Each structure stands twice: as structure tokens, then as C-alpha cells.
Amino acid sequence: MAEAASDLAARTAHPRNSTVANAPAARAPRAKRSAAPAITVSPTPKHLTAVRGPLLGWYDRNKRDLPWRRTRDPYAIWLSEVMLQQTQVSTVIPYWERFLARFPTALALASAPLDDVLAGWKGLGYYSRARNLHRAAQEVVARFGGRLPSTAEELLTLPGFGRYTAGAVASIAFGEEAPLVDGNVARVLSRLFEVEGLPGDKEREATLWALATALVKGERPGDFNQALMEHGATTCRPESPLCLLCPVRGACVAFRKGRVDELPPAKVRATPKKLTLALAVWPHAGTLLFARRADSGLFGGLWELPAAEVDADLPEAEAAARLASALGSEVKLEGTLGTVKRQLTHRDLTLRLLRVSGAQRPTRAPAFQELRWCTPAEAAALGMSTAMQRALDAALGSGVLNGD
DNA sequence: TAAGCGTGGCT
DNA sequence: TAGCCAAGCTT
């Protein structure tokens, strides 16, 4: 990939030879042209200039006033980038402010128990981000004296830093001419330079990164990267882009050719798989039993009403038996408390609430990292998925703890 | 490498 | 309504 980028950078220095093929074979003599057309772009220096300046100027006039744009603290910027992965700005703002108040420095974050970190992430989703953030903070303390390294290359060695996040932090927090490509940038560049190919296509990705690499060179790389993203988020939107307000319309190949609506092609998404969990609602003395899930997989490391995967149509008694097995404890089925449905991107989740009791109350179990008996107030402070929070609300709303 | 991983906003 | 999508990373 670095080859494709430098290939492009080198070629763009020569206006009359600026067509770039990003196929890996493009650098070697090709025996035969492949059946599929090579993905090519023609970023002449003139074209790059026609994009860079106007976009930066547009950004200066139109950028949103976002809280992480008011700080120069690399840690705070890093945090914003991690939270913003696959998550919308309006969702992130309150989380970012709360999390930063609770864990104001990389050292504070590194020193905190993972449980507290997950609690601070509660409801934000993609919880492995929080676990990786925590691990990375500990590495920053151990390897870099508590200060985030300043280059994309070094950042890339930390957990949770992929190519995007490394480029974002390096350019925004440290001013490195490091490129980035996120969903917004991919869309913007696809249109501006008529980049073909489906999302995930390797050649397409190489082309986009090569373009981003060429474009970011110059003054204020961090602002330019943000300008690309901001433009994609507010103007060059997926649906109904605001081309009449676009500052780089004149440089947009897709606009000139009337192809804005067809670039980039939509991502093909798999239909969500059904997942049914039986949940143990086990009241005792004003508390309920909670369990902490394994660190990997769905809702990794989070607390829940003890759950066991079951077939959707499994009879209640057998579902209760599964819970008994997971808890390593005898369980008596007392009744059912309904179901809660949640739609995740990749899962169609059904939570079946089973009210249970037992003579022996377990304090540890084979299927869980940890068990804990918590009052509702104590449970509110646990790291828990929104799905599980809904199930808990339903259980409490049914009055299981009343007169218990 | 493709699949797994959450949530809420928007149309 | 139901589907699409968002400042992606990991294994």
C-alpha cells in the first residue's frame, strides 16, 4: 500500500503522466490486461490543488463547533477519535465530556480498573474499543512515559489504533502529514476522482489511500483531514448530497458526469442472524444476580442478567436448565417475565426473561468471569449493554423485587 | 480474509 | 416502518 501511495505521489509530480493504476501489478510489466478494468484515477497536481485549497477554506468558514476541536490535548483528541469510530457525532459528545472528566489523562485511564472504564463506555457500543483504549493507555504509560507518541507509525503499534485512527491523531494532534480514509473520505474521494469499486475492494482502498496521501501534503494537515470528513458528513452526504453548496463542485468528476448518485456503490450487508438468550432473573433480599461476560465476543466484559444462548423455541423449563448449567447451580423456574427484542447491526437479538430461584445462591459460575448480587442502584453503575439495560428495566418494571 | 462487533439517528 | 448508515479495528 505504501508503494501505491508513493507511486502516486511520484507520478503526480509529472502532469503528463499522472494516471495511476493501483493494481499491485501496475508497477511491473503486465503480461496481459486483466478482464476486469483496472481501477484508475487521474489526480493531476492541478486537480489536487483545486480540491485542497477550496476545501480548507470552506472548512474554516463552516466547521462545526465540536468540543474536541477546542482542545489540543492529544489524549482528548485520541479519545474522540476512538469514540467516533462507527458512531455519530451527536451520540459521542456527551460521552466524550463525561469520560474525559472521569479519566482526564492517559495515566488516569491506565490506572483505572477495566470495570470502571467499561462503565464509562456504557451504552456507547462496540465495547472492544473501550478495552483496547484501556490497554493502549497502559502501554502509553509503560512504553512512552504517559505521553502519546506523535507519529502515525508509532501510534499504529498501540491497541485500537488502525490506519484511520493513527492518521487522525497524528495529523490532528501532532500536525503530521498523515493521511486518513474513513467512510466520509471514501465517499468524497470516490466522487471527486471517480473511484470505482465496492467498499472493501482492495484496489479501491489502495486508490483512496493514495489520493488521501497526495492531498494531505501541505499546510495544516489535521485541518485538511477534518475538512474532508466534515465535507462528507455535512455536504457530500450519502443520500441527497448538497452539490449546489459544494465548494469543490468544479473539481468533482462525478458531478460533471452526473454520477454523484451512483458513487460510491452501497455496501452489501449480511442479514442479521437471530440470537436468543435466556436471562436469569433471580431476586434475593432486594438484589438480583448479575454476571460478567467473557472478555471476547458480543458484549465482551460487560455485566448482564446471567445469560445462556438457547434456540428460539426452546421450552421454558429447558431454557432454565441451560441457565442452571451456566451458573453451575440448581435453579427453580418460578415464571416468565416476557421478552425484550433488540436489533443490532449483525444480530437480531431476543432476550427471554426467566424468573428463577434456588436454595443455594451462587457466587461464582463456570460460564462467567464473575457473579455479583446487586441492588438496582448498584447495578446502575455496572458496565452493561443497552440491550441488557432494557431487559433489566423490564424485569424491575415487572416488580420482581417488590416484597421480596 | 471475511466475519464479528452496538447503538441511535435519519429517511 | 424498516433499512441504511456513521470519524473502524481485530482476529
Side-chain angles (χ1 to χ4, degrees), chain A residues 59 63-64 66-69 77-96 118 121-133 135-136 155-173 178-188 198-202 205 208-209 212 222-234 236-241 264-273 275 293-302 304 341-349 383-390:
Chain A
Y59 178 71
K63 66 180 175 186
R64 291 170 289 180
L66 304 177
W68 43 86
R69 288 182 176 158
I77 292 168
W78 168 30
L79 179 63
S80 76
E81 290 301 337
V82 175
M83 287 188 166
L84 284 162
Q85 290 169 8
Q86 300 286 284
T87 308
Q88 298 187 337
V89 165
S90 58
T91 302
V92 166
I93 291 175
Y95 277 93
W96 183 82
L118 290 172
W121 208 268
K122 179 178 189 171
L124 194 53
Y126 284 137
Y127 298 93
S128 66
R129 293 182 295 174
R131 292 198 303 276
N132 287 331
L133 183 71
R135 282 174 50 209
L155 290 166
L156 211 40
T157 67
L158 294 167
F161 275 87
R163 211 167 167 193
Y164 165 80
T165 307
V169 172
S171 65
I172 298 170
L180 60 77
V181 175
D182 71 334
N184 287 312
V185 175
R187 181 173 58 257
V188 169
L198 291 165
D201 179 290
K202 224 179 154 187
E205 305 304 324
L208 294 172
W209 279 94
D223 282 346
F224 176 75
N225 279 336
Q226 293 190 80
L228 269 180
M229 294 190 283
E230 187 87 345
H231 177 59
T234 64
C236 195
R237 308 183 300 200
E239 303 291 331
S240 315
K267 201 175 298 182
V268 182
R269 286 175 194 271
T271 55
K273 295 176 180 171
L275 177 64
R293 296 174 64 85
D295 277 330
S296 62
L298 186 67
F299 304 138
L302 298 187
E304 65 181 4
K341 288 189 169 295
R342 283 289 289 179
Q343 198 67 45
L344 314 183
T345 301
H346 54 297
R347 295 286 185 187
D348 190 354
L349 194 57
M384 196 177 295
S385 67
T386 299
M388 195 55 58
Q389 188 65 55
R390 296 285 158 80

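Quick note on labels: first sequence line is chain A, next is B, and so on, each numbered from 1. This one's a predicted model, so the numbers in the text were calculated from it and none came from an experiment.
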Margin query: Please enumerate all residues that pass ring-ring contact (aromatic ring centres under 6.0 Å, His included) together with A:Phe299, with sequence neighbours excluded.
Written below: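 In terms of ring-ring contact (aromatic ring centres under 6.0 Å, His included), with neighbours along the sequence ignored, A:Phe299 is linked to no residue.
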Next item on the list: Evaluate salt bridge (Lys or Arg N to Asp or Glu O under 4.0 Å) for A:Arg293 paired with A:Glu304, printing each intermediate quantity in order.
Entry: CA-CA 7 Å; A:Arg293 296 174 64 85; A:Glu304 65 181 4; 2.8 Å; yes
Checklist line | A:Lys202 vs A:Gln85, nearer the 5' end of DNA chain B by closest nucleotide | finding: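 Counting from the 5' end, the first nearest nucleotide belongs to A:Lys202.
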Can you sort out the partners of [X] under side chain to side chain donor-acceptor pair (under 3.5 Å), two or more places apart, ordered by chain and number?
| X | answer |
| --- | --- |
| A:Ser171 | A:Asn225 |
| A:Ser385 | none |
| A:Arg135 | A:Asn132 |

Considering just the side-chain nitrogens and oxygens of [X], establish if one lies under 4.0 Å of OP1 or OP2 belonging to [N].
| X | N | value |
| --- | --- | --- |
| A:Lys122 | B:dG6 | no |
| A:His346 | B:dC5 | yes |
| A:Arg347 | B:dC5 | yes |
| A:Tyr127 | B:dT7 | yes |
| A:Arg342 | B:dG8 | yes |
| A:Arg129 | C:dC9 | no |

Would you indicate what [X] reaches in the nucleic acid, counting non-hydrogen atoms under 4.0 angstrom: base, sugar-phosphate, or nothing?
| X | answer |
| --- | --- |
| A:Thr165 | sugar-phosphate |
| A:Leu298 | sugar-phosphate |
| A:Arg293 | nothing |
| A:Gly297 | sugar-phosphate |
| A:Ser385 | sugar-phosphate |
| A:Trp96 | nothing |
| A:Gly232 | nothing |
| A:Leu349 | nothing |
| A:Asn132 | sugar-phosphate |
| A:Arg187 | sugar-phosphate |
| A:Arg69 | base |

Note to self: I want to confirm an ordering. Mapping A:Leu158 and A:Ala266 to their closest nucleotides on DNA chain C, which one lands closer to the 5' end?
What the structure shows: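 Comparing both residues, the 5'-ward one is A:Ala266.
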Check: How does DNA chain C look in dot-bracket notation if pairs are Watson-Crick or G-U with both distances under 3.5 Å, crossing ones as [ ], other-strand ones as |?
Finding: .|||||.||||
Checklist line | Any donor-acceptor N/O pair under 3.5 Å between B:dG6 base and A:Thr87 side chain | finding: yes
Atom pairs under 3.5 Å: protein N/O with N/O of nucleotides 9-11 of chain B:
from	atom 1	to	atom 2	distance (Å)
B:dG9	O4'	A:Gln88	OE1	3.2

Item checked: Side chain of A:Pro238 - closest among C:dC5, C:dG8, B:dG8 ->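 It is C:dC5.
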Next item on the list: Output the single nucleotide from C:dG8, C:dC5, B:dG8 whose closest atom is nearest the side chain of A:Thr386.
Entry: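 That would be B:dG8.
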Check: What integer number of Å spans the P atoms of C:dC9 and B:dG8?
Finding: 22 Å
Note to self: Between P on C:dA2 and CG on A:Asp348, what's the gap in Å once rounded to a whole number?
What the structure shows: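 Checked: the CG to P distance equals 12 Å.
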